[in-house]
Amino acid sequence: MKETRGVVVGRARKYKTPIVLWRDGKVVQLDPFSPEFDDFGDEPPPANEK
């Protein structure tokens with residue numbers, strides 16, 4: 001699961017798009033550069049990414 005989060009955060013940071021998820025019964029958009037995601041953005045995208 002942590003690997004998947006790393007890919008999602010890394011891709012959101014690369015393309016500067018929000019992370020959209022379900023939280024407390026609502027859809028929310030989160031900034032991928034927020035400190036909440038500092039542990040997950042360091043993994044590189046898969047080799048087949050361009």
Side-chain angles (χ1 to χ4, degrees):
M1 183 74 83
K2 186 174 182 178
E3 181 179 324
T4 302
R5 287 185 249 171
V7 171
V8 169
V9 172
R11 191 174 293 155
R13 287 179 175 179
K14 179 178 178 181
Y15 295 107
K16 297 178 177 67
T17 58
I19 295 174
V20 180
L21 51 89
W22 187 265
R23 183 179 278 178
D24 298 325
K26 298 176 185 175
V27 176
V28 295
Q29 294 184 18
L30 303 174
D31 179 9
F33 296 99
S34 72
E36 178 178 4
F37 299 113
D38 281 349
D39 295 340
F40 301 111
D42 299 331
E43 297 175 33
N48 60 357
E49 287 277 323
K50 293 185 178 183

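Closest of all the heavy-atom pairs between P32 and P18 is CD-CA, 4.1 Å. In this structure, S34 and R13 approach most closely via the heavy-atom pair O-NH2, 4.1 Å.
Each side-chain hydrogen bond (donor to acceptor under 3.5 Å, both in side chains) pair with one or both residues in residues 16-25, not counting sequence neighbours, appears once here: R23-E36.
Taking Ile, Leu, Val, Met, Phe, Trp and Tyr as members and joining any whose side-chain heavy atoms lie under 4.5 Å apart, directly or through other members, F33 forms no hydrophobic cluster with any other residue.
No chain of hydrophobic side-chain contacts below 4.5 Å, direct or via other Ile, Leu, Val, Met, Phe, Trp or Tyr residues, connects V8 to L30.
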